[in-house]
Amino acid sequence: MLKKSLLGAVALLALIGHAQAEDLKEFRIGILGGENEADRLRNFQCLVDKLPAAIGVEKVSLFPAADYDGVIQGLLGGTLDYAELGASGYAKIYLANANAVEPILTTVQTDGSTGYHSIMVARKDSGITKLEDLKGKKLGFADPDSTSGYLVPLVTLPEAIGAPVKEFFGESGFGGGHENLVLEVLKGNFDAGTTFGSGVGEFKDGYTSGNLHKMVEKGILDMNELVELWRSPLIPNGPVVVRSSMNDDMKAKFKQFMMDLPKTDAACFSAIQGGDFTGYVEVNSDFYKPIIDARKATIGG
């Protein structure tokens, strides 16, 4: 009996050691949908080049999802190791399995805040200049799992318009991600749409970070074609999350790499974050409790 027990313990330790070794071979990065795939892959290529030596893996692989849910399901299923999420996307994971991932860091804006805004825009030549002009018109949201592109407007717009979203607007729909949503607004397929930005800096630049800023930087958006109709209260910046079952050594190495990145490679940091930030700050699930509660109350898991 003792011999069997010892053999069982040795086998268990071997399995654990094997699992940890497997954990260190490949680091899998999930990239949210909503932006041109080639742009997303290019923005994250610097991590493919730098992370293997920094955290001790053989290779880093990028998995760009078609939408937010693709990354969410990959994290829930344990097939991804790290992703940059919005707060509502993290809330969806937390409500499904609170132990699937750990939020470890979030970004700090150039003004020192750790938040950003949902920003509603319309075509400047549409004649729409204020929220009241949208009564009965078509509103576009970015993605069902977007914080700024859906959850926060759903929760906070009613106070601004004096009615539930479904009653005020004649129609609403999803634009297939933030970048495409803005393009659909410009095409006239939506009268207005909700996207995101830091709200810091100049409107003509698309602010200092966010979807509008990225589109301006890529040369596919002239902010002179848009007008801002509404801005939400401050939203917690989305988390850097890692798979909870990842071994502690890799978690520590990865976290340190990311915290150092703004100084060691500012261009890489800016590319993956989509704009100008001063760095990272540590967070945990408590930081996102208001968003988790809001999602649970309005959308569910």
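Quick note: numbers below take in every heavy atom, side chains included, and nothing from hydrogens, waters or symmetry partners. Computed from a prediction, not measured in an experiment: that's the story for all the values here.
Seen from the ring of Tyr207, Arg231 counts as a face-on cation partner, given the 6.0 Å and 45° thresholds.
Under the 3.5 Å distance criterion, the side-chain polar atoms of His213 are matched with a main-chain donor or acceptor of Asp205. At least one donor-acceptor pair closer than 3.5 Å links the side chain of Asp81 to the backbone N or O of Arg28. The closest donor-acceptor contact from the side chain of Asn180 to the backbone of Gly176 lies at 3.5 Å or more, if one exists at all. In this structure, Ser270 contributes its side chain and Ala267 its backbone to no donor-acceptor pair below 3.5 Å. Not a single donor-acceptor pair under 3.5 Å links the side chain of Ser209 to the backbone N or O of Gly275.
Taking OH of Tyr280 as the start and CG of Leu105 as the end, the distance is 7.0 Å to the nearest 0.5 Å. One distance of note links CG of Leu134 with CZ of Phe190; it measures 13.0 Å at 0.5 Å rounding. Note that OG1 of Thr147 is 12.0 Å distant from NZ of Lys92, once rounded to the nearest 0.5 Å.
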Working for side-chain contact (heavy atoms from CB on, under 4.5 Å), residues Tyr82 and Arg243: CA-CA 6 Å; Tyr82 144 68; Arg243 175 171 52 86; over 6 Å; no

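A donor and an acceptor atom, one from each side chain of Asn224 and Asp222, are located under 3.5 Å apart. Inspection of the Ser198 and Thr208 side chains reveals an N or O donor paired with an N or O acceptor under 3.5 Å. Between the side chains of Asn99 and Ser244, no donor N or O sits under 3.5 Å from an acceptor N or O. Asn237 and Thr107 form a side-chain donor-acceptor contact under 3.5 Å, judged by distance and modelled atom types alone. A donor-acceptor contact closer than 3.5 angstrom links the side chains of Arg295 and Ser88.
Residues Lys214 and Glu179 are not paired through a salt bridge, judged by the lack of any N-O separation under 4.0 Å between the basic side chain and the carboxylate.
Note: Tyr150 and Phe174 have perpendicular aromatic rings, judged against thresholds of 30 and 60 degrees for the angle between ring planes.
Between Tyr288 and Tyr94, the gap from one ring centroid to the other reaches at least 6.0 Å.
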